[in-house]
Trainee: 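Input: one structure, supplied below.
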Amino acid sequence: MKGTIRNIILLAGLLLPAACDQPRMNFDRGIIPVQTVNFDQVNSLYDDYNSAGVWTDIRGSFILIFSSNRTTNGGEYDLVYFEGETYMDLVVGSLSIFAWESIASLGDSINSPSNEFGPCFNQGIFGEYYRPDFDYDSLAMFFTSDRDGSRDIYVQEFQQNEYEIAPIPRGTIDTLHGLNTSFDDGYLCLHPQEVTGSEVGYFNSNRDGNSDIYRAEGESGVLFHHSENFTISKVDVLNSPAEDKCPFIANDLLIFASNREGGYGGYDLWFSSYDGNEWSEPLNFGPDINTEHDEFRPIIMSTDANKYLNDLLIFSSNRPGGKGGYDLYYTGMKRRTDYR
Amino acid sequence: MKASKDIFLLGLLALLLLIPGRADAQDDELKNGLMVSTGASIPFEIFKEKEFVGMAGFASTGANLQVDYIRLFWSGFGFSAHLGYSMLPFDERAYESEYDRILGTQGFATANVGNYQVVEGLAGFFFRIPFFFKSRLYLHWQAGYALTIHPHLEVVHSYWETLNTVEQVSDFALMNNLGFRLERYITEQYRLHLYYGAFFTLPGFSDPPEDPTSSVYQPASYFNLPVRYQSLNLGLIYRF
């Protein structure tokens with residue numbers, strides 16, 4: 001009797017349509033398409049550049065903060081704040097990026113009647129997802145502003161936000177007195193773990209005439225933005241007789257903009273890798289990224305190696321075909337270890 | 001080990017169904033029949049799809065071997081049991097082309113994939129339709145279980161290195177079969193038959209992430225594959 005009932009249920013099950021529809025993944029990990037795409041969801045008719053992007057949790061959401069003169073209709077530059085998500089379809093191998101301007105803007109506490117450029121966080125942000133290995137008390141964002149005359153490097157500390165991805169500003173904005181001069185200094189970015197016991201950052205300055213890339217080492221045992229004194233040196237291998245600016249570091253890869261010889265016209269994007277002792281001779285990213293127009297302020301959003309085979313490169317360019325002025329663009333790029 | 005157990009159970013079921021019944025004196029035919037046939041297994045619908053859409057199977061035409069037992073209950077209606085093995089190659093070239101299409105001209109993909117294999121154990125009913133002199137046409141419907149083996153799959157790219165891996169994995173799932181059989185008399189006991197059948201099953205396979213212990217979000221570790229194929233067979237029937 002029990003067997004008969006079981007057989008009837010089995011037969012009934014056979015007549016039911018199949019409900020499962022989980023397809024086979026044709027990719028173990030995602031690949032960000034290696035083709036330059038206009039980030040039209042964040043671009044405006046005005047200039048949009050100088051971005052800083054940070055993954056905020058483990059599911060592909062991110063924040064993007066960049067300079068734009070959209071709010072002043074082409075006047076001064078302010079920091080604009082977007083949040084977004086990425087979705088990688090591992091069946092068809094396509095990447096979707098969604099971004100929206102957030103009400104909770106990081107820029108509100110930072111923007112001034114002057115210009116704000118080049119934001120850069122000193123570490124990752126994980127929003128409401130608590131990470132035991134993350135020091136939430138030392139989160140800071142560096143940026144550049146000419147609010148006091150020449151361009152200087154400033155810092156704003158943040159604290160963890162329990163309810164939103166955007167962290168909450170903490171304290172007041174400080175200037176890094178030990179770094180800044182009466183010349184233009186800006187685009188500070190840290191290079192974690194270059195030196196044991198102290199933090200190292202790279203920035204550009206025209207204190208020697210044209211813009212060059214400098215290395216600054218903070219005081220031992222003190223966070224970079226709490227240091228009063230810095231050991232500053234020009235990094236000769238990275239610099240050229242032309243303008244070298246906007247350094248950004250992801251892991252051991254430093255990328256920057258330069259109008260040096262050997263490029264494709266205007267400012268191009270270049271990269272150099274760190275072997276544990278020194279930076280390599282810079283190489284041009286090539287014609288897939290650079291054009292005869294200007295490419296500026298590249299940043300790398302390093303992806304989780306468990307999820308992606310490559311990283312996300314975001315930069316700005318005034319190439320034709322954009323929304324107007326400088327626009328942000330993104331493309332996939334191989335991990336920094338592949339450049340050594 | 002699980003696969004061996006499943007095959008054993010299917011074999012036992014088939015043996016039980018092969019016990020002959022008493023002949024009906026009113027029927028001019030022998031009541032029992034044992035059929036052996038072989039032919040082509042032809043994938044259809046999404047199982048033969050060769051693009052990265054939905055649940056595409058990338059299956060190509062393969063071969064099969066089938067053993068069936070039939071028993072007539074009364075005129076025109078009977079019971080049948082089926083044991084079969086089908087092998088359908090995975091279209092490696094088409095799979096590689098899809099990767100190359102998506103990843104562009106930088107580098108090329110090389111796929112190393114085996115064959116899909118299906119062991120069918122079914123039972124059901126058939127209706128006999130008089131067709132023409134010395135021939136009969138039968139309509140079959142069967143249901144049961146199928147053991148489907150997904151082949152080991154590995155795709156390596158010259159630029160991106162390993163793109164995809166799936167270990168050989170099997171699953172035991174419900175199966176339906178709808179088919180036609182054309183039977184042609186040779187002698188009272190031996191007949192030729194041409195068989196066409198469509199098989200449907202939906203196994204589920206595991207495809208665990210590279211580091212299952214990682215707390216980092218990773219894609220689903222399970223997938224379904226709609227295995228749908230037709231068999232076109234030629235065989236011999238022994239009636240008793």
Side-chain angles (χ1 to χ4, degrees), chain A residues 3 7-35 55 57-61 85-95 126 129-133 286 288 303-310 331-335 337-338, chain B residues 46 51-58 95 98-99 101-106 109 111 122-124 141-145 150 153-155 157 159-166 173-177 200-205 207-211 214-226:
Chain A
N7 288 337
I8 291 170
I9 293 171
L10 178 71
L11 188 61
L14 285 171
L15 298 175
L16 292 173
C20 305
D21 59 353
Q22 180 65 48
R24 177 178 54 214
M25 303 290 177
N26 295 307
F27 293 84
D28 287 340
R29 286 176 285 174
I31 299 175
I32 299 166
V34 187
Q35 59 187 61
W55 301 113
D57 64 23
I58 57 176
R59 293 191 184 277
S61 62
E85 284 182 355
T86 56
Y87 173 70
M88 185 73 212
D89 187 331
L90 295 175
V91 176
V92 303
S94 68
L95 175 77
F126 297 97
Y129 295 92
Y130 178 72
R131 289 270 296 259
D133 58 335
D288 290 339
T303 57
D304 189 320
N306 284 319
K307 290 183 67 181
Y308 288 93
L309 285 168
N310 60 347
T331 180
M333 61 171 284
K334 290 202 88 175
R335 290 196 196 289
T337 51
D338 302 312
Chain B
I46 197 70
E51 291 183 9
F52 285 165
V53 290
M55 304 162 90
F58 286 84
Y95 207 50
E98 277 299 275
Y99 282 102
R101 176 180 67 82
I102 288 167
L103 299 176
T105 55
Q106 192 170 42
L122 308 171
W141 177 80
Q142 295 172 317
Y145 276 105
H150 188 287
L153 181 155
E154 183 174 30
V155 182
H157 192 267
Y159 184 75
W160 296 108
E161 299 177 353
T162 301
L163 294 176
N164 192 19
T165 54
V166 178
L174 296 170
M175 172 174 260
N176 272 313
N177 167 34
F200 304 81
T201 184
L202 185 68
F205 302 110
D207 182 16
E210 290 185 358
D211 180 8
S214 171
S215 61
V216 174
Y217 169 75
Q218 299 194 48
S221 57
Y222 181 90
F223 67 92
N224 298 103
L225 187 70

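Each chain gets a letter, A, B and so on, in the order its sequence line appears, and its residues count up from 1.
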Trainee: Say you draw a straight line from CZ of Phe52(B) to CZ of Arg24(A); how long is it, rounded to the nearest 0.5 Å?
Mentor: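 It comes to 8.5 Å.
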
Trainee: With side chain to side chain donor-acceptor pair (under 3.5 Å) as the test, would you mind laying out the steps for Tyr95(B) and Asn26(A) before giving the verdict?
Mentor: CA-CA 9 Å; Tyr95(B) 207 50; Asn26(A) 295 307; 2.6 Å; yes

Trainee: Return the CG to CG distance between Asn164(B) and Leu90(A), rounded to the nearest 0.5 Å.
Mentor: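 With rounding to 0.5 Å, CG (Asn164(B)) is 9.0 Å from CG (Leu90(A)).
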
Trainee: Are side-chain heavy atoms of Phe223(B) and Val91(A) found at a separation under 4.5 Å?
Mentor: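 Counting from C-beta outward, Phe223(B) and Val91(A) never come under 4.5 Å.
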
Trainee: Can you name the closest pair of heavy atoms from Gly54(B) and Pro23(A) and give their distance?
Mentor: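 Where Gly54(B) meets Pro23(A) most closely, the heavy atoms are O-CB, 3.2 Å.
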
Trainee: Of the backbone (N, CA, C, O) and the side chain (C-beta and beyond), which part of Phe200(B) lies under 4.5 Å from a heavy atom of chain A, both, or neither?
Mentor: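 Looking at Phe200(B), nothing touches chain A.
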
Trainee: If you take all heavy atoms of Ile102(B) and Val92(A), which pair is closest and at what distance?
Mentor: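 Smallest interatomic distance, heavy atoms only, reads CD1-O, 3.0 Å.
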
Trainee: With rounding to the nearest 0.5 Å, note down the distance linking NE2 in His157(B) to CG in Leu309(A).
Mentor: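 Reported to 0.5 Å precision, the distance equals 10.5 Å.
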
Trainee: With distance as the sole criterion, is a donor-acceptor pair present between the side chains of Thr162(B) and Asp28(A) under 3.5 Å?
Mentor: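 No donor-acceptor contact under 3.5 Å links the two side chains.
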
Trainee: First locate atom NZ of Lys334(A), then atom OH of Tyr159(B), and finally report the distance between them rounded to the nearest 0.5 Å.
Mentor: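 Rounded to the nearest 0.5 Å, the NZ-OH separation comes to 4.5 Å.
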
Trainee: Under a 4.5 Å heavy-atom cut-off, does chain A meet the side chain of Leu103(B), its backbone, both or neither?
Mentor: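 Answer is side chain: those atoms of Leu103(B) sit under 4.5 Å from chain A.
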
